[in-house]
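Structure first, then comments.
Residue numbers begin at 1 in each chain, while the letters A, B, ... track the order of the sequences.
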Amino acid sequence: MRLRFAPSPTGHLHIGGARTALFNFLLARRHGGVFVLRIEDTDRARSRPEYEEEILRDLRWLSLDWDEGPGVGGSRGPYHQMQRLDHYGPYIDQLLAEGKAYRCNCSAERIQQGREALQAAGRKPMYDRHCRDLDLGPDCGEHVVRLKVPLEGSTAFDDHVRGRVEIDNAEIDDFVIRRSNGLPPYNFVVVVDDHEMGITHVVRGEDHINNTPKQVLIYRALGWEPPEFAHAPLILGPDGSRLSKRHGAVSVGAYREEGYLPEALVNYLVRLGWSHGDDEVFSLDELISVFSLDGITKAGGRWDVDKLRWLNQVWMKRLDPADLAERARPFLVAAGADPALIDDRLVPAVLTVRERARTLVELGEQARFYFVPDDALDWDEQAVKKHIKASTRPILDGLLAVLEGVEDWSQEGLEAAVKPWVEAEGIKLGKVAQPVRVSLTGKGVGPGLWEMLAAIGREVALRRIRAGRDKAAAREAAAGR
RNA sequence: GCUCCCAUCGUCUAGCGGUCAAGGACACCGGCCUCUCACGCCGGAGACACGGGUUCGAUUCCCGUUGGGAGUACCA
């Protein structure tokens, strides 16, 4: 079994393309097949090497490694279409010689007029086949080569997702298979490449379902057996319309930058258009063992960021803490943390905020307070006003006395030392926790008291609580006058 | 316009003629937990687009309508 993903380097790796790549990758891995990556770079005007680099990088980021293609080679190459240009001509000549294709030197204007006339008559706009039986030779001036599509009958294929798809040949144009510049267009090139690369299953988006009959016709004309097809539903925007930038991020790279984990993106992508009973959370390895074309759904799916965000948190909680911490580091710095202050408190710090954050960006913002100079804390004045007041001063003084004597600065040690004091004093834990939270973080919401104290470390904790105490004392003095 | 594809809660989906007074997940609402916010747990509201058939029986099969998507290039 051989599958392929064939992006054209004319833009970023789109989430729809990523899902197509994922489906192909999973099917290949599931059945011990081969996953081929082919670069369709024949659109010289729009293709750019930077895009190709980016696409390769993003596929690797998603852990969708290919067995043959750029960077890894393979026996069925080359894997860039620009390096395969000499493969196509002979087949076109063969079709011409066999009378299955013909040269056409009709002017663009003439063809255009014919199309408009047909459309006006309520018919599908097509070429009128003027040159079909003229038997034009190579010396007919500027010309294209068109496939002689059967006038009668129909062309069908059995799609693994949709069942039998059939279309009348009368609806299929005598489409171009060699442009006037000598290069064959997409429909011809994919067929030749897929055939020469031994592709057995073509899994792609539903937007290709309409040119599948044309491709089948080419396979037949060349005397080849078409591969098996499976057309996955398209990914739509949240409103059901075509997904576009106006709906937000559409490229894999953008989601990486927004702090999504590749594990979560893969998980979300696979579930949009595929299901396995009621299961929701899958690792790539789990997918490899259960993925099947049978699970692909037919209807287009809308992009739902909320579900992606939920899955991202699920994965942040599943990840090994040290791993998560390293992935969070750059986001922490981006949020304003001082790299020099990020020390071995990183892992415990990240653990205190991961269940409150849905992306690495949020994780970075929420863990920022651990690793900034005290004067760089982001103060929520409302919270300060509410929790650092005159009456707070004696509480913080009392707490400081307890804290200074703590030997075991761990969650358990801190709780064991402070709880008895709180109870003895007869004060609510909240009366202590909130002032401490504001002193440490600048905000009224955040991690639990014990875990936060333990994670931030004795030195910083005592320093910031003292500062909070002083602030409270100042208000006490102001109130007393 | 024409051709093709599609149609279960707001969203992703389970369902492959009776086991469905339609199940799960996200989001939403309420409660519990609780030092805040979360997490977690419990509960709630919420869907078979419509109309014809076929059948003893349709969410499930067929046709139509409506709605949505795609294609309609010497782009991929």
Please list each protein N or O that sits under 3.5 Å from an N or O in nucleotides 10-12 of chain B, with the distance.
{"unit_1": "B:rC12", "atom_1": "OP1", "unit_2": "A:R302", "atom_2": "N", "d": "3.1"}
{"unit_1": "B:rC12", "atom_1": "O2'", "unit_2": "A:R271", "atom_2": "O", "d": "3.0"}
{"unit_1": "B:rC12", "atom_1": "O2", "unit_2": "A:K307", "atom_2": "NZ", "d": "3.4"}

Report task. Choose from B:rC39, B:rA70, B:rC35 the nucleotide whose nearest atom is closest to any side-chain atom of A:L234. Result ->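 For the A:L234 side chain, the nearest candidate turns out to be B:rA70.
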Query raised in the report: Does any N or O donor sit under 3.5 Å from an N or O acceptor when you compare the side chain of A:R437 with the base of B:rC35?
Result: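 Yes, a donor-acceptor pair under 3.5 Å.
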Query - Donor-acceptor pair under 3.5 Å, A:R123 side chain vs B:rC2 base - result: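 No such pair is found, so the answer is no.
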If you measure only the distance, is there a donor-acceptor pair under 3.5 Å linking the side chains of [X] and [Y]?
{"X": "A:H80", "Y": "A:E52", "answer": "yes"}
{"X": "A:D193", "Y": "A:Q81", "answer": "yes"}
{"X": "A:R271", "Y": "A:T297", "answer": "no"}

side-chain N/O [X] vs [N] OP1/OP2, d < 4.0 Å:
{"X": "A:R115", "N": "B:rC74", "answer": "yes"}
{"X": "A:T42", "N": "B:rA76", "answer": "yes"}
{"X": "A:S275", "N": "B:rA14", "answer": "yes"}

Rounding to the closest angstrom, what is the interatomic distance between [N] and [M] at atom [atom1]?
{"N": "B:rC6", "M": "B:rA45", "atom1": "C1'", "value": "29 Å"}
{"N": "B:rC62", "M": "B:rG67", "atom1": "P", "value": "22 Å"}
{"N": "B:rA27", "M": "B:rG46", "atom1": "C1'", "value": "12 Å"}
{"N": "B:rC41", "M": "B:rC48", "atom1": "P", "value": "29 Å"}
{"N": "B:rG18", "M": "B:rU60", "atom1": "P", "value": "12 Å"}
{"N": "B:rA49", "M": "B:rA7", "atom1": "P", "value": "10 Å"}
{"N": "B:rU11", "M": "B:rC28", "atom1": "C1'", "value": "12 Å"}
{"N": "B:rC37", "M": "B:rC33", "atom1": "P", "value": "14 Å"}

Requested in this report: For the residue pair A:M82 and A:T42, establish whether any side-chain heavy-atom pair is separated by less than 4.5 Å.
Outcome: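 Yes, at least one pair of side-chain atoms sits under 4.5 Å.
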Report task. Take A:V252 and A:E54 through the side chain to side chain contact (heavy atoms under 4.5 Å, CB included) test and state the conclusion after the steps. Result -> CA-CA 10 Å; A:V252 169; A:E54 197 181 300; over 6 Å; no
Applying a 3.5 Å limit to both distances, which nucleotide forms a Watson-Crick or G-U wobble pair with [N]?
{"N": "B:rC37", "answer": "none"}
{"N": "B:rC50", "answer": "B:rG64"}
{"N": "B:rA21", "answer": "none"}

Report task. Establish, yes or no, whether the cationic atom of A:R146 lies under 6.0 Å from the six-membered ring centre of A:Y127 and within 45° of the ring axis. Result ->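 Here A:R146 passes the 6.0 Å and 45° test against A:Y127.
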Report task. Tell me whether the guanidinium CZ or amine NZ of A:K471 lies under 6.0 angstrom from the six-membered ring centre of A:W379 and within 45° of its axis. Result ->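 Yes, A:K471 sits over the ring of A:W379.
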Query raised in the report: Nearest nucleotide by nearest heavy atom, which residue falls closer to the 5' end of RNA chain B, A:H276 or A:D173?
Result: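 In this pair, the answer is A:H276.
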